[in-house]
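None of the values given here were measured: they were computed from a predicted structure. Any value given below was found using the heavy atoms of this structure, including those in side chains, with hydrogens, waters and symmetry copies removed.
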4 protein chains.
Amino acid sequence: MVIVMRPDSSPEDVKRVEQKLRARGLQVFLSNGNGKTVLGVAGDTKSVDVRDYQLLPGVSEVVRISVPFKLASRAFQPESTVIRVKNAVIGGGEVALMAGPCTVESESQTMDAAEKVAAAGAKVLRGGAFKPRSSPYSFQGLGEEGLRILKEAGDRHGLAVISEVMDVSQISMMLPYVDIFQVGARNMQNFTLLRELGRTRTPVLVKRGLAATIEEWLMSAEYVMSGGNHEVMLCERGIRTFETYTRNTLDISAIPVVHKLSHLPVIVDPSHAIGIRAKVPPLAMAAVAAGADGLLIEVHPDPERALCDGAQSLFPEQFAELVSKLRIIAPAIGRTIPPARATP
Amino acid sequence: MVIVMRPDSSPEDVKRVEQKLRARGLQVFLSNGNGKTVLGVAGDTKSVDVRDYQLLPGVSEVVRISVPFKLASRAFQPESTVIRVKNAVIGGGEVALMAGPCTVESESQTMDAAEKVAAAGAKVLRGGAFKPRSSPYSFQGLGEEGLRILKEAGDRHGLAVISEVMDVSQISMMLPYVDIFQVGARNMQNFTLLRELGRTRTPVLVKRGLAATIEEWLMSAEYVMSGGNHEVMLCERGIRTFETYTRNTLDISAIPVVHKLSHLPVIVDPSHAIGIRAKVPPLAMAAVAAGADGLLIEVHPDPERALCDGAQSLFPEQFAELVSKLRIIAPAIGRTIPPARATP
Amino acid sequence: MVIVMRPDSSPEDVKRVEQKLRARGLQVFLSNGNGKTVLGVAGDTKSVDVRDYQLLPGVSEVVRISVPFKLASRAFQPESTVIRVKNAVIGGGEVALMAGPCTVESESQTMDAAEKVAAAGAKVLRGGAFKPRSSPYSFQGLGEEGLRILKEAGDRHGLAVISEVMDVSQISMMLPYVDIFQVGARNMQNFTLLRELGRTRTPVLVKRGLAATIEEWLMSAEYVMSGGNHEVMLCERGIRTFETYTRNTLDISAIPVVHKLSHLPVIVDPSHAIGIRAKVPPLAMAAVAAGADGLLIEVHPDPERALCDGAQSLFPEQFAELVSKLRIIAPAIGRTIPPARATP
Amino acid sequence: MVIVMRPDSSPEDVKRVEQKLRARGLQVFLSNGNGKTVLGVAGDTKSVDVRDYQLLPGVSEVVRISVPFKLASRAFQPESTVIRVKNAVIGGGEVALMAGPCTVESESQTMDAAEKVAAAGAKVLRGGAFKPRSSPYSFQGLGEEGLRILKEAGDRHGLAVISEVMDVSQISMMLPYVDIFQVGARNMQNFTLLRELGRTRTPVLVKRGLAATIEEWLMSAEYVMSGGNHEVMLCERGIRTFETYTRNTLDISAIPVVHKLSHLPVIVDPSHAIGIRAKVPPLAMAAVAAGADGLLIEVHPDPERALCDGAQSLFPEQFAELVSKLRIIAPAIGRTIPPARATP
């Protein structure tokens with residue numbers, strides 16, 4: 001932290017700032033030059049509220065020069081984190097493909113989806129059992145029965161399983177079923193939930209909140225990591241802007257930005273970002289070209305009869321075609337896409 | 001809901017749309033004119049995903065003409081909701097003043113704050129016992145002990161008590177202490193929490209999420225109300241925009257907009273919106289002039305030593321001076337401000 | 001400007017930064033402490049691109065500590081600017097009321113509007129002769145004939161006249177007709193236009209662009225002032241956000257923020273911000289309560305037949321009623337509202 | 001346009017709406033069903049202000065079902081527009097590469113840049129002669145001398161030339177020098193300028209305004225086209241959002257959205273979107289993968305000494321390396337990238 005005093009500040013002003021800093025156990029070093037006084041501050045400034053110093057008499061500017069997250073930062077861990085769940089490797093040379101229906105509706109629907117996404121090259125099966133719906137009158141998911149179906153489908157097709165956890169009370173029940181916990185965009189700052197997930201040893205995917213800055217998003221990862229669970233991945237799924245033609249605006253630049261700031265893998269969810277099936281493939285291709293470590297895509301065996309988000313779900317053949325195009329793109333960024341499997 | 005077909009749509013296209021609607025139990029009435037076909041749709045369209053119809057062949061536009069909330073709408077209940085807690089009346093002729101420290105830090109600090117805000121005219125005491133901090137390394141609140149202190153201070157000075165609930169697991173413990181549950185901006189779409197609060201009979205204040213549209217905010221109120229708890233108030237606390245000089249952008253127009261759409265009271269929190277003490281009074285005055293039913297303001301007996309958000313907390317004398325200015329403004333909108341009490 | 005080096009930066013890194021700064025004629029003072037090197041920079045840093053230094057090896061952070069505008073800043077001129085045009089005083093103890101139709105449509109419409117807004121207490125008549133329409137197929141204004149009508153109506157009722165200038169080529173033609181040039185939101189960064197207006201000695205009102213930060217807005221004022229024309233006022237008219245219920249989001253906090261940063265008067269245009277007549281009065285009252293130096297409001301003698309923006313234009317009686325409410329509010333901020341005049 | 005009446009509207013309410021529509025020369029067809037009345041409206045509704053009807057008694061909702069642009073829409077012209085300038089084909093099977101320095105600084109700098117971008121595969125040379133700088137104290141460009149240098153460099157290396165026009169007064173002077181006029185983001189709604197460019201027969205590239213919706217952007221293209229100049233291309237260069245880590249947020253989804261709505265080519269400018277050199281290549285690759293018809297990229301022979309935007313300019317070798325990666329990606333979307341030329 002650096003505190004710059006105004007040219008007209010008095011020695012008492014400087015002393016007051018210095019004392020307030022030292023009272024917090026921080027180290028202060030002063031510099032003077034050209035009529036300006038600058039205080040450099042060292043020590044644990046992470047929880048300092050900079051506004052407390054901006055308001056002091058004689059202060060011109062207070063600047064935080066270190067990022068507020070630590071465990072998630074690339075400065076702390078220079079090498080990229082690689083997370084392994086079942087056959088999937090996330091953050092390595094292979095682009096991790098996670099696909100499946102928005103919601104688990106039935107055994108046959110889920111089994112069908114699992115078979116097809118596995119055949120196309122996916123390594124992780126997604127599917128919701130608890131659904132955060134903005135209307136209390138919408139379908140809310142199958143609950144534990146949905147998780148059981150999901151795990152069975154994953155096991156049969158060699159897929160790891162990811163599903164959303166909405167509340168602390170669901171964690172222990174979900175543990176036997178899921179390989180990755182998904183924290184939804186609306187819960188990105190549900191700190192109680194993040195803290196509890198940090199006590200598990202199951203990988204966690206943290207979706208970016210609709211209006212979350214990249215720094216806040218990394219702070220949410222930090223919450224999980226500060227509990228001891230370091231297997232965290234981040235998922236960009238579109239931010240809210242003034243544009244209304246698209247559901248959200250996919251922040252494609254978040255991929256290189258996060259890769260610079262953090263060692264954690266970045267997954268992109270084009271389905272929720274754009275909200276319309278026909279535009280999911282261009283965004284998925286863009287995400288891989290920009291360096292995403294993985295994709296999270298909604299695929300449904302019969303999107304027109306889906307109970308949830310059918311409009312943004314790909315048909316299985318569309319998904320397979322998309323993956324074949326990704327195989328052309330991936331080498332441009334030194335990556336590979338898993339091969340398609342022969343359907344039995 | 002109205003579905004407009006393209007000029008080049010075929011009779012089969014129209015029939016397909018019609019059948020999909022009827023299959024959901026909706027009523028359809030067709031109109032033709034000038035080469036255009038329009039389908040009017042009646043019935044429970046609240047949980048329909050309009051995108052499912054936009055994708056059908058021959059469809060030009062799908063328009064939802066009813067709002068997705070019901071219990072919260074002014075169409076459903078034309079008269080404004082008035083909520084009474086202890087001596088406070090929220091949504092009536094008096095502007096409800098809610099004030100107190102960001103966080104309960106100690107008995108003396110809270111008692112001191114309570115005495116002073118009560119003297120100035122406040123009817124509700126605010127204070128956090130569980131704090132949603134964006135950093136896991138920040139002070140997280142006193143918990144139940146904080147609530148006990150808050151209630152004692154409220155009781156001594158005739159103030160109702162409002163405090164934030166962060167998780168379902170805290171509800172039953174908090175019930176004996178609080179008169180109003182506060183749902184924070186970051187939890188506005190924690191649907192599990194909203195649903196459980198709907199099962200209590202304690203009034204709930206729902207803060208608007210940083211990037212929540214007015215419609216989503218009202219849907220969150222609807223979640224609480226759909227559980228049977230109709231004593232809900234809404235709190236505007238600033239939205240996230242591109243502007244960085246202010247912490248958030250107070251959406252002052254939300255006041256008249258919500259008053260038109262809904263019968264629920266609207267409270268404004270200028271402290272979190274602007275984040276800097278000196279600019280809290282102008283925003284508080286603007287909010288009352290624009291018709292707010294109440295204010296939620298941070299006041300601390302010693303802001304410079306506050307453990308949390310001291311930079312945006314008013315000194316008690318500033319709060320008293322602000323209230324005296326509000327007494328000048330309130331008659332312009334046909335409202336009153338409670339009188340100051342003689343300090344004993 | 002302050003440049004903070006990384007802990008692992010080498011002496012060569014520091015030297016490289018220092019040389020690049022000195023090569024621009026800037027003064028540099030170095031400080032070391034606790035293993036960190038900080039370079040303070042003095043001189044004319046206004047046109048420095050901070051990114052040029054952020055990219056240098058060993059640099060951790062570059063911070064601009066002075067604002068990029070000078071003539072517009074309160075540091076440069078502590079006392080508030082007061083602008084006098086005809087009977088209007090803008091930036092003084094009186095709240096300046098500017099009102100009139102969106103567009104000059106005819107002599108009788110403009111004369112009628114002028115008479116009524118003058119009677120209610122307005123001192124400035126607004127009216128467009130050149131209209132920036134987002135569609136090339138919309139009515140584009142009466143041009144010079146409109147200005148002639150506007151001036152005649154202003155003269156007859158003792159009102160100064162404000163009208164929008166859209167292009168450099170219109171300036172000299174408009175000079176004899178207008179007392180204040182209005183620069184529209186879409187032209188806020190038409191730097192060619194701003195520069196030319198700086199060469200006139202007619203006051204200029206600069207509307208804030210839809211997505212302009214407060215700093216960029218003040219830089220546009222600086223453009224006009226750097227040409228020698230110091231009579232500039234700023235007009236907040238709503239910014240673009242994600243919310244769609246309102247046309248724009250009135251940034252009410254811009255009023256106290258600009259008053260702190262600059263000595264220039266701040267006018268608020270609630271009509272364009274909200275876009276719907278019924279919500280103009282609450283926002284106008286809020287603006288005055290928050291300290292606005294004036295209001296710019298659309299009033300039309302027959303809004304339902306207006307050629308432009310009729311939906312957001314007040315009826316003359318609504319305007320008169322609004323002004324009478326403002327008379328209640330103004331004393332709360334130590335201001336006055338001009339008295340209503342007896343209609344002849 | 002469709003107007004939906006409230007269930008409680010009276011026959012007089014319906015008649016009033018109908019008369020107002022017919023008075024504008026619009027055709028109206030009525031439909032009744034299930035207690036609801038819907039008015040379908042046909043004719044030229046482009047310049048109708050929907051708010052004028054929303055305010056009428058008994059009206060529930062007014063919905064515009066046609067887009068406000070016509071010449072720019074894919075409904076009007078189904079086949080994609082292909083623009084040919086010198087050796088460049090924009091909107092066809094080849095991805096058009098436009099590159100060069102931010103500003104023309106000198107003959108040698110421009111000649112050097114032209115040689116290197118041509119060698120890598122670019123077909124269009126970019127370079128500013130008039131610079132819209134947010135500070136009046138920054139370098140403002142070489143003017144006509146810059147254009148002369150640019151044209152000479154383009155001619156020598158077989159490159160078409162694109163440069164920004166800031167004001168109507170510059171058009172005729174620029175005509176002999178440029179092959180494509182560039183309209184900057186800040187001038188996207190300078191309607192006077194757009195209209196005059198519509199009278200030329202030189203292709204125009206319209207950059208998207210920082211806060212412009214896709215619809216407004218297309219309306220600006222419509223302005224140019226309505227003057228008779230149909231050779232318009234659109235350029236996405238990032239929009240303004242709440243995120244501050246990046247200069248702007250590149251709206252990658254605008255590419256497929258515009259391709260659906262319009263037949264005009266879409267160019268992407270990753271340099272201005274992200275503002276930092278190292279992140280330009282990932283965004284450029286993403287743009288091509290998402291289907292962009294071309295790229296506009298800042299390349300400078302010596303970025304560290306650039307007078308403008310050096311921080312976001314690529315080194316010539318970086319540009320050549322980027323183009324070689326694009327050659328891997330392009331086939332995935334059925335496109336080609338021009339081959340590198342042997343340096344003489």
Exercise. Evaluate the side-chain proximity of C:P281 to C:L314: yes if any heavy-atom separation is below 4.5 Å, no if none is.
Key: yes
Quiz prompt | Spacing of C:I297 atom CD1 and C:L283 atom CG [to the nearest 0.5 Å] | solution = 9.5 Å
Practice problem: Mind checking the CG-CG spacing from C:L210 to D:L210? Nearest 0.5 Å is all I need. | Solution: 11.0 Å
Quiz item: So do D:I171 and D:F181 actually touch side chain to side chain, heavy atoms under 4.5 Å?
Solution: yes
Quiz item: chain D heavy atoms under 4.5 Å from C:A212: which part of the residue, side chain, backbone, both or neither?
Solution: backbone
Enumerate, by atom name, each donor-acceptor pair separated by under 3.5 Å where one atom lies in chain C and the other in chain D.
unit_1, atom_1, unit_2, atom_2, d
C:K20, NZ, D:E304, O, 3.1
C:R51, NH1, D:G275, O, 2.7
C:R51, NH1, D:Q312, OE1, 2.8
C:R51, NH2, D:D309, OD1, 2.8
C:R133, O, D:Y223, OH, 2.4
C:S135, O, D:Y223, OH, 3.4
C:Y137, OH, D:E222, OE2, 2.5
C:Q140, OE1, D:R195, NH2, 3.0
C:R186, NE, D:Q189, OE1, 2.6
C:Q189, OE1, D:R186, NE, 2.6
C:R195, NH2, D:Q140, OE1, 3.0
C:A211, O, D:R240, NH1, 2.6
C:E216, OE1, D:R240, NH1, 2.6
C:E216, OE2, D:R240, NH1, 3.3
C:E216, OE2, D:R240, NH2, 2.7
C:E222, OE2, D:Y137, OH, 2.5
C:Y223, OH, D:R133, O, 2.4
C:Y223, OH, D:S135, O, 3.4
C:R240, NH1, D:A211, O, 2.6
C:R240, NH1, D:E216, OE1, 2.6
C:R240, NH1, D:E216, OE2, 3.3
C:R240, NH2, D:E216, OE2, 2.7
C:G275, O, D:R51, NH1, 2.7
C:E304, O, D:K20, NZ, 3.1
C:D309, OD1, D:R51, NH2, 2.8
C:Q312, OE1, D:R51, NH1, 2.8

Quiz item: Could you give the distance from CE (C:M1) to CG (C:L26), rounded to the nearest 0.5 Å?
Solution: 6.5 Å
Quiz prompt | Side-chain touch C:L71/C:F76, heavy atoms, less than 4.5 angstrom | solution = yes
